[in-house]
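Every number for a ligand or one of its atoms is a count from 1 in the order of the listing.
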Amino acid sequence: MRVISGRVWYRGRLDPLSVGIDEDGKIAAVRKTLRADESIDHGDALILPGAVDLHVHMREPGLTHKEDFASGTRSAAIGGVTTIAEMPNTVPPVTTADALDGKASALKGRGAVDYALYAAPRSGEAVVRLRKATAFKAYMAPSTGDLQVRPPELESILRESETNRKLVVVHAEDPAKFRARKVVSLADHAEARPKEAETSALALLARVRGNARIHVAHVTSREGLDSLPSGASCEASPLHLFLDTSRTLGTQGKVNPPLRSPADREALWDAFRNGRIDAVASDHAPHTLEEKEAAFDEAPAGAPGVATSFPLLMRRSRAGDLDLGRVVAAMASRPAEILGVPKGAIEVGRDADLIAVDPRRVDTIRAKRLRYKCGWTPFEGMEGCFPTAVYLRGEAVIEDGEPAAEGRGRLLAPST
Ligand code: DOR
Ligand code: ZN
């Protein structure tokens with residue numbers, strides 16, 4: 001047995017413990033002391049469950065000039081993310097069983113971390129054909145990839161997903177509430193796709209969701225949280241938790257749904273701190289600097305983030321602004337539960353996906369360190385606590401903060 005020790009997050013608190021890992025990379029025991037063939041002692045560093053990011057766009061196949069599966073998952077590991085759920089707006093889009101199979105074979109053996117694949121059914125019938133997907137994504141508004149579904153299709157997708165017990169992740173913006181205007185700044189973009197678009201889409205979703213399992217992607221406002229359909233889970237992105245329209249980011253801060261005002265961001269942060277947001281997901285959506293250099297209204301929406309979510313939250317926790325339990329819940333245990341994968345907690349029987357992090361080591365975020373193919377981050381210059389080591393099913397994928405192994409990531413089976 002291999003053993004990893006440190007101050008372990010176990011049963012809701014930190015204790016000096018050892019985690020025993022079996023041949024299959026599963027947690028076999030958690031004790032004060034454990035005898036081992038191989039033992040790695042992280043001393044005072046915290047040992048936390050690896051993060052599960054429910055929302056990433058790794059751009060493969062078809063858009064690999066922006067990112068590819070090897071580079072994107074390497075960055076994930078650098079930021080303590082050991083499981084990603086990959087969005088379907090690649091090229092070709094994952095709307096058919098062929099595209100899903102094609103994507104699964106293209107990615108095989110190339111990921112540094114474990115992964116789930118979303119498909120985007122365009123109709124109720126497609127739900128059955130796409131059953132091999134881990135979960136579904138439904139866009140209620142246009143964004144990168146042109147996968148919007150209209151209310152009648154959305155309703156039929158939800159009905160079929162309900163029957164098949166599939167999770168549907170919803171991009172909730174109602175285009176009927178968009179305002180035609182000249183968009184040259186982050187504030188203009190926020191007005192062009194206002195908060196009312198979010199609340200209106202959520203109200204519509206509440207009317208049609210029935211008993212479908214739904215998860216609302218990137219909620220941006222307190223009003224949005226107040227409009228969540230009952231029983232729906234939700235995520236917020238560090239984009240909306242840490243950045244707002246007061247930043248001088250230009251097109252680098254252009255994302256859908258848009259960054260909001262400082263007051264909205266603070267309200268979202270308070271709601272998160274108080275436990276009203278299930279998961280923090282990056283919405284890692286890289287575009288090249290060249291693409292982002294276009295005029296504001298022409299520039300593509302999206303920004304990279306898979307490597308900075310955990311370090312940013314860990315930094316806030318270290319500053320006393322966020323309970324460590326919230327970090328673990330939002331980055332690991334809740335998203336694992338939502339996706340239905342045996343990850344996200346240090347518990348016997350779960351996969352031994354672990355992060356070792358010393359919160360006293362605070363770094364300034366620099367794009368170079370994150371290794372994104374696009375080479376930039378909207379969080380440049382902010383502070384983060386990065387993991388020193390990351391383990392995927394018991395094997396190191398990051399050592400001394402650097403990539404140590406690649407290609408070990410596995411596709412996770414659908415939970416149904
Ligand atoms: O900002 C965004 N970028 N929002 C989306 O919905 C899609 C994403 C992308 O893929 O670029
Ligand atoms: Zn997205």
Does R59, backbone or side chain, put an N or O under 3.5 Å from an N or O of ligand 1? yes

H55: which N/O/S atom is nearest the Zn ion (ligand 2)? NE2

Answer with side chain, backbone, both or neither: which part of H171 has a heavy atom less than 4.0 angstrom from an atom of ligand 1? side chain

Here the atoms of ligand 1 under 4.0 Å from any heavy atom belonging to Y139 are 6 (O)

Give me the ring orientation class for F272 and W269: parallel if the planes are under 30° apart, tilted from 30 to 60°, perpendicular past 60°. perpendicular

Ligand 1 contact on H284 by region, counting heavy-atom pairs under 4.0 Å: neither

Counting only heavy atoms not in D297, do more than 12 fall under 6.0 Å of its CG? yes

For atom 1 (O) of ligand 1, what's the nearest protein heavy atom and its distance? N256 N, 2.8 Å

Applying side-chain contact (heavy atoms from CB on, under 4.5 Å) between Y139 and each of L154, V170, N89, report the one that passes. N89

Show the atoms of ligand 1 that are less than 4.0 angstrom away from any heavy atom in V255. 1 (O)

Could you check whether D68 pairs with R59 (Lys NZ or Arg NE/NH1/NH2 to Asp/Glu carboxylate O, under 4.0 Å)? no

Applying a heavy-atom cut-off of 4.0 Å, say which part of A301 lies close to ligand 1: side chain, backbone, both or neither. both

Taking only non-hydrogen atoms of A285 and a 4.0 Å limit, the atoms of ligand 1 in range are 3 (N), 8 (C), 9 (C), 11 (O)

closest protein heavy atom to atom 6 (O) of ligand 1 is S143 OG, 2.9 Å

Point-to-point distance, once rounded to the nearest 0.5 Å, from CZ of F386 to CD1 of I355: 12.0 Å

Salt-bridge test for R273 and D321: reply yes if a basic N is under 4.0 Å from a carboxylate O, no otherwise. yes

Pair T90, K103 - check side-chain hydrogen bond (donor to acceptor under 3.5 Å, both in side chains), show working. CA-CA 9 Å; T90 34; K103 184 161 178 173; 3.0 Å; yes

Output, in order, the C-alpha distance, side-chain angles, deciding distance and verdict of side-chain contact (heavy atoms from CB on, under 4.5 Å) for L117 and L107. CA-CA 10 Å; L117 294 180; L107 305 189; 3.9 Å; yes

Is it the side chain, the backbone, both or neither of H287 that has a heavy atom closer than 4.0 Å to ligand 1? side chain

Within 6.0 angstrom of N274 CG, more than 12 heavy atoms from elsewhere: yes

Backbone or side chain, does any N or O of K254 fall under 3.5 Å from an N or O of ligand 1? no

Under 4.0 Å from a heavy atom of N89: which atoms of ligand 1 are those, numbered in the order shown and with their elements? 9 (C), 10 (O)

To the nearest 10°, how many degrees is the angle H57 NE2 to the Zn ion (ligand 2) to D283 OD1? 90°

